[in-house]
There are 2 protein chains.
Amino acid sequence: MSSRREISLAERKRQLVADELTEAALQLLALKGFDAVTVDEIVGAAGVSKRTFFRYFASKEDVVVQFLADMGTGMCAELAARPAGERPSEALRHAVWVPLGECADHSERALRVVRLILGTPALLARFLERQAQWRDDLAAELARREGLDDATELYPRLAAGMALNAFDAVLHRWSGSEGEEDPAGLTDGAFAVIAPALDAGVPRG
Amino acid sequence: MSSRREISLAERKRQLVADELTEAALQLLALKGFDAVTVDEIVGAAGVSKRTFFRYFASKEDVVVQFLADMGTGMCAELAARPAGERPSEALRHAVWVPLGECADHSERALRVVRLILGTPALLARFLERQAQWRDDLAAELARREGLDDATELYPRLAAGMALNAFDAVLHRWSGSEGEEDPAGLTDGAFAVIAPALDAGVPRG
DNA sequence: TAGCGCATTGACACTTGGTGTCATGCAAGG
DNA sequence: CCTTGCATGACACCAAGTGTCAATGCGCTA
């Protein structure tokens with residue numbers, strides 16, 4: 001009965017390959033630019049076959065965007081964990097801060113990836129596509145929190161969108177300033193702007 | 001000296017080919033789905049070579065998204081044309097209504113395209129990429145209107161983002177209801193939600 | 001009218017992203 | 001020891017997109 005160990009062994013192996021791939025990819029992409037690097041180069045550097053690459057990542061963009069995949073789930077989880085009585089602006093600010101805090105902590109690595117994404121149209125497109133999913137999840141959670149119907153009320157979707165707007169704005173300014181500006185301060189500033197709508201827009205906030 | 005006529009003749013020829021291509025593409029894509037239609041099919045239906053297709057459109061996605069290209073310029077133009085003293089929420093609402101009104105007018109055609117875009121990840125990604133550009137333009141114009149510095153203030157970018165959020169929400173609900181819901185009413189509803197932030201967020205609005 | 005330039009097109013080869021398929025290898029488990 | 005299953009690699013293949021060049025068509029001019 002070594003079931004738990006076996007699973008973790010196989011999982012660790014998978015994780016190892018995935019890490020090797022992301023490592024090689026991020027290295028090359030940040031160095032030469034997204035379009036100038038082929039998948040064959042990446043797999044060559046990582047020592048696996050092209051087919052294996054696409055078993056781990058759905059696309060060449062995915063290897064970069066996947067790096068930020070947890071952000072969405074982290075945000076939603078945090079929003080769901082916030083106290084029920086909290087105002088939307090507060091709950092969303094804390095939710096959005098989860099991934100931003102991660103970025104602030106691992107600034108060297110995160111900055112490289114963020115700059116790569118924001119500066120590459122194809123990557124930006126995929127990133128925004130992901131965010132659209134996050135927005136739906138956030139909206140659903142927000143609707144639950146506030147007791148609204150996501151299908152008839154515009155507020156949940158708009159509020160989630162505003163929060164992600166703040167997220168994007170902070171990311172943009174942070175990467176644009178080479179990491180000089182303080183993410184926490186930027187986040188507070190952004191939410192100060194959108195808070196009036198977040199807290200007034202919901203019926204009986 | 002028939003310079004004016006010649007130019008317009010060549011332009012008309014180009015426009016003719018472009019129209020033929022978009023027509024054939026939209027027909028096929030709406031019918032069989034984005035991934036199930038190859039560029040070769042489209043050019044076969046339009047009677048041109050594959051190479052010519054890519055001389056008119058940068059990508060397969062582009063032939064659909066291009067169809068909505070004017071939206072961005074229309075919005076910015078309208079925003080720039082709004083009276084200087086108008087509150088941001090009003091100016092932006094009018095700006096956003098320009099493309100939405102177009103959709104409402106040509107509902108059969110617009111609805112098909114919008115549903116195709118919102119239902120196809122690859123198209124959605126390209127659409128959002130375009131919107132990111134619109135947001136930058138709107139933010140710049142908004143900063144000019146309000147006398148703010150787009151580089152240091154968060155408000156312009158956030159306000160532009162909120163307006164586009166409203167735009168997206170309206171489009172989503174409109175296409176989701178098969179064109180049943182009234183775009184004008186939805187727009188008003190969306191801006192009622194975000195107006196508090198639009199008008200309060202700007203210093204001395 | 002004949003000839004000269006200029007732009008558009010088609011044909012074709014080529015690169016690259018991405019997928020289906022199959023055979024091999026390897027590790028767990030009876 | 002055998003087998004069962006999973007991850008990988010090798011290979012062929014399709015579709016998107018690009019570079020190149022020859023041909024075609026059209027206006028302009030001598």
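It should be emphasised that the depicted structure is a prediction, and the values quoted were computed from it without experimental measurement.
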Side-chain polar contacts of residues 181-196 of chain A - donor-acceptor pairs under 3.5 angstrom, sequence neighbours left out - could you list them?
residue	atom	partner	partner atom	Å
A:E181	OE1	A:R173	NH2	3.2
A:E181	OE2	A:R173	NE	3.0
A:E181	OE2	A:R173	NH2	3.4
A:D182	OD1	A:A184	N	3.3
A:D182	OD2	A:G185	N	3.0
A:T187	OG1	A:P183	O	2.7
A:D188	OD1	A:R93	NH1	3.2

What's the [atom1]-[atom2] distance between [X] and [N], to the nearest Å?
X: B:L29; N: D:dA16; atom1: CG; atom2: C1'; value: 14 Å
X: B:F53; N: D:dG19; atom1: CZ; atom2: C1'; value: 18 Å
X: A:L21; N: D:dT8; atom1: CG; atom2: C1'; value: 13 Å

Handout entry: Non-neighbouring partners of B:D168 that pass salt bridge (charged side-chain N to carboxylate O under 4.0 Å, His left out), sequence neighbours left out
Key =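 B:D168: no salt bridge (charged side-chain N to carboxylate O under 4.0 Å, His left out) contacts found.
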Fill in the blank from the handout: Its contact letters, B for base, S for sugar-phosphate only and - for none at protein heavy atoms under 4.0 Å, make nucleotides 4-17 of chain C read -----BBB----SS
Taking distance alone, no hydrogens or angles, what donor-acceptor pairs closer than 3.5 Å link side-chain atoms of residues 26-37 of chain B to residues at least two apart or in another chain?
residue	atom	partner	partner atom	Å
B:K32	NZ	B:E41	OE1	2.8

Could you tabulate the donor-acceptor pairs under 3.5 Å formed by side-chain atoms of residues 69-80 of chain B, not counting sequence neighbours?
residue	atom	partner	partner atom	Å
B:T73	OG1	B:D70	O	2.8
B:E78	OE2	B:R82	NH1	3.2

Exercise answer: donor-acceptor pairs, residues 112-121 of chain B side-chain atoms, under 3.5 Å, sequence neighbours excluded:
residue	atom	partner	partner atom	Å
B:R115	NH1	B:S175	O	3.3
B:R115	NH1	B:E178	OE2	2.9
B:T120	OG1	B:L116	O	2.8

